[in-house]
Amino acid sequence: MAARVGAVALVAVLAACGGGGGGGGGSDFRVTLDRSSLRFDMTQGIRPETQQITATATGTLPSTLFVGAVVEGQGIDPVIPTGISGNQAVFNFLPRLDLTPGTYTGRVLLSACSDSACNNKIGGTPIAVGYTVVVVASLQVAPQRVDQFVVGGTGTSARVQVQLPTGASTVTARVTNPAPWLEIGTFAAGEVPLSFKPWRAGTYSTTLELTSGSETALVPVSYSVDLPPGGETDFAASADNLTFATSENASSAVQTLALTPPSWAPGSVLPTVTVDYGGGPTGWLQVTPRSSAVDVQANAATAALPQGSYTAALVLTPPQPATPLRIPVALTVGPGLVAPAPRDVVLTAETAATALQGSIPVDAAGGAPQTWTATSSEPWLQLTQASGSTGQNLAWRVDAAAVAAMANFSDATATITIRSGLAHVSPVTSSVRIDKRLPEVQHLGPYLVVSGRTTTLQVRGRGFDGIANLGARLQAAGIGAGTATRVSDTELRLDVAPAAAGSARIITTNALGEALGGATLQVVAPQTFAYAAVPTGGIKRAVVYDAQRRSVYAVNVENEALNRFRFDGSSWVLDATSVPAILDAGLSPDGSALLVSATPGTLRLLDPATLATTFTLAVPDGLARNLTYVGHGISTTSDGRSWLPLGSTGWNELGYFDHATRTLQPRPSQPGLSTSFYGGPWTMMPRDGSRMLVVQSGSISPSPPALVYDTSSGLLADNGVGLTFTYEVSFSDDGSRVLMDSYEVRDRSFGLVGRLGTGIETGWSILHSILSPDGRRVYALALADNVPADGPTTLLPRIYVYDSSTSDPVTSQLPVVGMFELQHFPSCRRYDYVLCPLTRPRMTTAPDGHTLFLAGNQHLVVAPVPAELRTVGSAAARRAQAQRRAPVVQAWPAAAGALKR
């Protein structure tokens with residue numbers, strides 16, 4: 001098929017040279033070509049270089065010249081640009097760009113025409129130019145871009161068709177930037193398959209690069225994912241942290257993390273799992289991934305971890321585009337050996353020697369068995385089995401000699417260290433504690449009894465609760481011990497009836513055979529001393545009778561001395577030791593020492609036999625002199641405490657001297673107890689030391705209540721019946737009766753028994769009274785109201801004896817059972833501020849109740865009590881004796897001067 005290319009007018013070039021010619025040109029007009037054929041070798045789609053043919057005109061040119069070209073065939077582009085210069089025309093040829101591979105041939109007919117329609121061809125035209133176009137194949141793809149649209153949770157696919165260039169057999173495909181959402185398949189059958197994965201919502205793009213031979217084709221790819229209904233969820237695990245615990249040389253239980261795939265990729269998920277140990281010990285996490293789960297276990301053995309705390313992170317990396325998870329992991333490694341429980345061995349009265357040995361299991365906390373060795377921190381704990389394997393026992397034994405050397409009521413602890421044969425396993429410790437609490441007698445109250453009588457002793461000590469059989473453990477040989485009763489861990493009651501004078505050691509035994517403590521009971525025979533009067537001078541503040549040594553000690557505040565009146569078997573011998581500013585005196589808990597206090601603040605212990613000072617203690621806070629001329633002796637209770645008024649400013653306190661430690665101690669702390677020791681306190685107690693009455697003050701208003709100290713509790717308490725202050729108090733030996741201010745007798749609970757006041761003759765006044773040791777008698781010293789101040793007189797002092805075991809139910813008056821006279825005045829007869837500031841002597845009795853001792857500023861009077869007045873008769877006899885006396889009502893107290901304190 002011929003194609004008309006076009007006609008271009010040429011200006012006649014020869015006319016310019018003066019040539020002429022008609023419209024058809026001269027007969028000599030000819031057109032010649034410089035070549036007669038064309039050949040193109042090209043690659044499909046790639047334009048080759050232009051080829052030219054030059055036409056030259058000769059002869060006489062027409063005035064107007066047209067040229068034209070007709071292309072036969074499909075090989076040549078019909079648009080043929082032409083250029084004219086002078087008598088030449090240049091034709092530019094190119095093959096068609098859309099030719100498919102193959103060989104194309106044909107002709108191009110070039111014509112010179114005299115008309116624009118080229119109906120009149122001239123110059124020997126048309127001239128045929130043959131052509132050959134050879135097209136070889138190139139790399140071609142379709143489509144030129146790929147765009148895909150899906151909803152989250154679904155994927156899709158596409159295909160790119162590829163024409164290989166001539167001579168090529170394959171093509172390679174890749175993306176020019178990362179596109180994990182796109183998978184490129186294998187080229188086959190002229191196609192490259194593309195797979196678009198289910199992906200999270202978004203728009204993603206890349207470029208597909210296809211290369212075959214030396215040719216490359218680029219295909220833009222776009223992937224748009226819309227949110228699914230209900231939205232999307234990311235990759236997740238069932239826990240956001242893991243906590244493990246195990247022991248050295250062992251592994252923990254397995255924990256499983258369940259994994260949930262992202263919503264855009266349902267089904268199972270198998271992430272990549274790594275462990276980040278953060279620079280710490282490694283290798284202790286064992287991880288086993290499986291479909292949609294990860295099993296995790298901590299193993300301290302594989303990493304040889306010692307006890308402690310460890311951390312790591314589990315990193316779970318799922319397929320893209322899911323977000324990786326970081327799961328913190330904590331591991332606590334405990335001891336690889338089980339720490340055995342400590343052993344407490346409490347040694348009580350019934351503890352046998354077999355309790356001083358035992359065994360301790362040694363076990364592994366987990367994992368494989370281990371060997372071990374053990375050591376003791378103390379030499380007294382001996383390890384008789386000090387090595388072995390876990391599951392076996394360690395054996396120990398306490399050195400009996402070391403136990404015997406321990407102080408009672410102390411404890412000692414030995415640490416046992418158990419070490420594994422594995423270096424990374426931490427040692428563990430156990431302990432054996434010996435708590436020595438063997439029963440021990442410390443004090444007796446009273447420490448002295450009278451033979452031939454039954455007395456109930458307070459046995460004070462500790463560890464008594466551990467005694468199973470008191471009769472077997474409490475020993476008081478040779479004194480006729482009777483029933484023993486346990487009051488508390490620190491107190492027993494023991495009835496004794498010694499037949500003869502002497503001494504006996506009261507002890508408790510124990511199954512270990514240790515000899516501990518003990519207290520000596522002094523036994524004196526009843527003795528009625530003959531009447532005696534020993535001249536003496538100076539005002540006596542307090543008087544104490546020592547039956548063991550048959551001595552009376554008097555606190556001579558006027559002469560600043562401690563006077564001793566000692567019976568040498570036939571008479572009373574007076575000696576003394578100087579004590580500047582002497583304040584008070586008393587006996588130690590066992591009667592082995594004299595306590596003497598002095599102001600401003602000194603406490604001395606004296607040897608009763610020599611009156612030599614054996615110990616001195618300074619009292620920094622001072623000792624309070626609360627009453628100038630009235631003292632009751634230093635109260636020493638049966639718990640080994642001697643009580644003292646502490647202070648120097650008027651606002652004082654109560655403390656005690658501890659005989660066991662020889663130290664001064666404050667009273668027990670009692671936050672709930674209100675105290676007010678202004679101008680006080682002063683204390684009085686029965687001879688057995690079981691309790692103590694504490695007067696807080698006589699100088700403050702309102703008067704604070706009197707307090708009672710009970711050795712069973714070791715605490716002070718309100719008396720409970722409203723008693724406030726009193727100056728004079730006399731107790732029976734066991735505290736069951738108390739005489740207050742020489743006038744009123746009360747029972748142990750301070751209930752009223754009766755009062756003095758009737759039964760003595762008119763014209764006589766009672767100065768001072770005390771109770772008998774058994775509490776059944778009151779001995780009242782009376783002086784005649786009109787006794788002369790000095791010189792001979794028949795109005796001698798009298799002792800009226802009251803029956804304090806009963807009283808008149810109507811008047812509460814105690815009956816008088818009799819009277820006896822003294823042959824000497826203990827003190828001056830009448831009160832005189834200068835000559836006789838105190839007419840009232842101090843009084844006490846012997847423990848057997850046979851003798852009264854009265855000490856004043858003139859005499860020590862030793863007065864035997866008539867036997868018939870000491871004995872409590874029948875009620876009828878008491879009434880008959882009372883009826884023989886005319887009752888005399890007396891004002892109480894009768895003589896104001898007699899009350900000076």
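Predicted model, so just to flag it, every value in this text is computed and none were measured. Just the heavy atoms: all of them, side chains too, but no hydrogens, waters or symmetry mates, feed the values below.
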Quick one about [Y] and [X] (side-chain donor to acceptor, distance below 3.5 Å, no hydrogens or angles considered), yes or no?
X: Q458; Y: S638; result: yes
X: Y709; Y: R641; result: yes
X: T599; Y: R625; result: yes
X: S765; Y: D785; result: yes
X: T663; Y: D658; result: no
X: S703; Y: T724; result: no

[atom1]-[atom2] distance between [X] and [Y], expressed to the nearest 0.5 angstrom:
X: I506; Y: T520; atom1: CD1; atom2: OG1; answer: 8.5 Å
X: L860; Y: T536; atom1: CG; atom2: OG1; answer: 8.0 Å
X: L771; Y: T844; atom1: CG; atom2: OG1; answer: 11.5 Å
X: S578; Y: L611; atom1: OG; atom2: CG; answer: 12.0 Å
X: I770; Y: F731; atom1: CD1; atom2: CZ; answer: 14.0 Å
X: E744; Y: T726; atom1: CD; atom2: OG1; answer: 9.0 Å

Between [X] and [Y], is any pair of side-chain heavy atoms under 4.5 Å apart?
X: T683; Y: L693; answer: no
X: L822; Y: L854; answer: yes
X: L783; Y: F825; answer: yes
X: L521; Y: Y447; answer: no
X: R746; Y: L723; answer: yes
X: P797; Y: L781; answer: yes
X: S597; Y: I634; answer: yes

Carboxylate-amine/guanidinium proximity below 4.0 Å for R460 and D639: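 A salt bridge is absent here (no side-chain N lies under 4.0 Å from a carboxylate O).
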One thing to verify: whether D489 and R462 come together as a salt bridge, which I'm taking to mean a side-chain N less than 4.0 angstrom from a carboxylate O. no
Relative to each other, are the rings of H824 and H859 parallel, tilted or perpendicular (30° and 60° limits)? tilted
Answer with yes or no after comparing the ring centroid distance for [X] and [Y] against a 6.0 Å cut-off, counting only values under it.
X: F529; Y: H850; value: no
X: W572; Y: F567; value: yes
X: F657; Y: W643; value: no

In a check of salt bridge (charged side-chain N to carboxylate O under 4.0 Å, His left out) between D584 and each of R604, R541, K540, which one passes? R541
Y678 OH: over 12 foreign heavy atoms closer than 6.0 Å: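 It does not: Y678 OH has 12 such atoms or fewer within range.
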Over 12 non-hydrogen atoms of neighbours within 6.0 angstrom of CG in D607: yes
A cation-pi test, strictly: NZ or CZ of R662 under 6.0 Å from the centre of the six-membered ring of F615 and no more than 45 degrees from its axis. Yes or no? yes
Q858 and side chain to side chain contact (heavy atoms under 4.5 Å, CB included): which partner among C828, S827, P826?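 Among C828, S827, P826, the one that satisfies the side chain to side chain contact (heavy atoms under 4.5 Å, CB included) with Q858 is C828.
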For Y779 and R777, what are the C-alpha separation, side-chain angles and deciding distance, and is it a side-chain hydrogen bond (donor to acceptor under 3.5 Å, both in side chains)? CA-CA 6 Å; Y779 301 120; R777 291 289 186 264; 5.6 Å; no
